[in-house]
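Encoded as structure tokens, the structure appears first; notes follow it.
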Amino acid sequence: MKRLKKNPDSGRRTQSNPDGDSYNVLRDPDWTCGFNSMRLMGTLVVFLMVVSVLFSVSAVLKDPPSDSILDSKEATDFQVKAEKVLDSAEESFHSVKVPKDELSGGLIAAGFDEKSCLSRYQSASYRKKVLHRPSSYLISRLRRYEALHKRCGPYTDSYNKTVEQLKSGHRPASSHCNYLVWISFSGLGNRILTLCSAFLYALLTDRVLLVDPGVDMVDLFCEPFPEVSWFLPTDFPLKSQFDSFSQESPHCYGKLLKNSTSNNSKGLMSQSFVYLHLVHDYDDHDKLFFCDEDQTFLHKVPWLIMKTDNYFVPSLFLIPSFEKELGNLFPKKETVFHFLGRYLLHPTNPVWGLITRYYNAYLAKADERVGIQIRVFDTGTGPFQHVLDQILSCTMKENLLPEIDRLLPMTSQSGTHISKAVLITSLGSGYFEKVRDMYWEYPTVTGEIIGVYQPSHEEYQQTEKQMHNQKAWAEMYLLSLTEVLVTSSWSTFGYVAQGLGGLKPWILYKPENRTAPDPPCRQAMSMEPCFHAPPFYDCKAKRGTDTGALVPHVTHCEDMSWGLKLVDI
């Protein structure tokens, strides 16, 4: 193919011939107009092709030759072919790539180092169709929080200044940065739920959340905020007191209220920090944390230190001063943990390796994934027959798993069979073995192919063991990647899985007297976790009340009659 040369007389290029040398113009390295001219010429070519093909289609359809009349089907086929030609030509000049929802609908800020936390961007490819989208207001508030965290986070000038004031024991006259310190406490499921609760409270009160690393938080979770860590520095002056903080601590808010009178109220107002005891054994004074009047006072304290094992989000929705902001953040009430969990909780690379290796090996190829989370509160050595009976009764009555045919040695059905991967998580292996053997020894009445898997069986809870908690976190996450979920009553392990997955699980009722309940389970009203130990107090009336009957979107839990959870109305 000839290369076009410059015309020495005019300083201009020779014109390309109409038979195809125009493509050489695009490739000529001497043409200094560059990429913009290339795009212009490409666009011109596409335009000419469009005009040409449309003209041909129009001519054929409007004035077909008498000896070869096109019927409507032929005309349609011709038009489809023409559109394919145009699409192909367009793609040759413009590479169109549809981006994956790597940033969870805008929840996650761009700009992280992908290799440092692979799960942050890869998790989107392991989840099915996104059913819930965060509000634009939530996204904007998260970006605003990130700016606050960058300005006030660990070892910034503002942080250093505020820490020095904390060391002095005096409350500063004013502070541009206020903090909420979350103490690592209780089992992993509880820690995950309380961490999201604490972050929401920090978001509502314009505080910077600092996370006590404990013994394994750094091994389990990536940094969720850009540039500045969320982990509390090891030299934080109050860190050595964390284990001793209790309701009897002099800085405990409940105790301060008990000792507060009109004569010593100035002592309450001069606190440089306040300890919030929101553990399940908290008393009526501690529970005043959930009253507007008390929030007004706490807003002025620069440092709040929180210890809790409760998902206390539902009671935040009962505080009038937070009502409007929460409505803007979460138009759908049942998405609170779903969005906050996906925003904050990214497995570290070692945990992500556990998740992806198992998923790809055992779950990825199935047509459907069913998760069954088993938590047994009975004492003694399992597996217990009544628990197995309850699991099978629930999954088969609700058509989550097929029944087996004990009379036929093999299925007589032919054709392509649906495959289901059943992921069982339990401290023991007994239930997994019995369900696996059942579907191995007998065919299903529907012809479905059932594979049953269990990643680990640690036998007993080992809260302080690093690999134990890494496996637990991996299994919660794997359960969240299923399409159908069955969980156990009262289990925060199951709450985490359902919330991250955006699932409304079938909840197994808690057995009584070692008897399988009837009915065995029911589907959850929402994917939100349950607040196990809420206050029953009307702050305005200053008397006891049923806090599950105050507003339509805060009601009692399916698995714990006195608990509270968020629902959509």
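Note that the structure is a prediction, hence the values are computed from the model and not measured. In what follows, residues are counted from 1 in the order of the sequence shown.
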- Query: Do T492 and R191 have side-chain atoms, one donor and one acceptor, less than 3.5 Å apart?
  - Reply: no

- Query: Going by the angle between their ring planes, with limits at 30° and 60°, are Y159 and Y155 parallel, tilted or perpendicular?
  - Reply: perpendicular

- Task: Evaluate the ring planes of F273 and H251, with Trp represented by its six-membered ring, and classify them as parallel (under 30°), tilted (30 to 60°) or perpendicular (over 60°).
- Result: parallel

- Query: Is the distance between the ring centroids of F112 and H346 less than 6.0 Å?
  - Reply: no

- Reference residue H149; test ring-ring contact (aromatic ring centres under 6.0 Å, His included); the match among F225, F231, W230: F225

- Polar contact flag, side-chain donor to acceptor under 3.5 angstrom, D294-Y253: yes

- Query: Do the rings of W473 and Y477 sit parallel, tilted or perpendicular, given the 30° and 60° boundaries?
  - Reply: perpendicular

- Item | Aromatic contact, F199 with W182 (centres under 6.0 Å) | no

- Item | Contacts of R151 that satisfy side chain to side chain contact (heavy atoms under 4.5 Å, CB included) - sequence neighbours left out | L148

- Task: Decide whether a cation-pi geometry holds between K307 and F245; the criteria are a distance under 6.0 Å from NZ or CZ to the six-membered ring centre and an angle within 45° of the ring axis.
- Result: no

- Query: Quick one: is the NZ or CZ of R375 closer than 6.0 Å to the six-membered ring centre of F377, and within 45° of its axis?
  - Reply: yes

- Message: Centre-to-centre under 6.0 Å for Y358 and Y362, is that the case here?
- Response: yes

- Message: Could you tell me if E528 and Y311 have a donor-acceptor pair between their side chains, going purely by distance under 3.5 Å?
- Response: yes

- For the residue pair F289 and F312, does the interplanar ring angle fall in the parallel (under 30°), tilted (30 to 60°) or perpendicular (over 60°) class? perpendicular

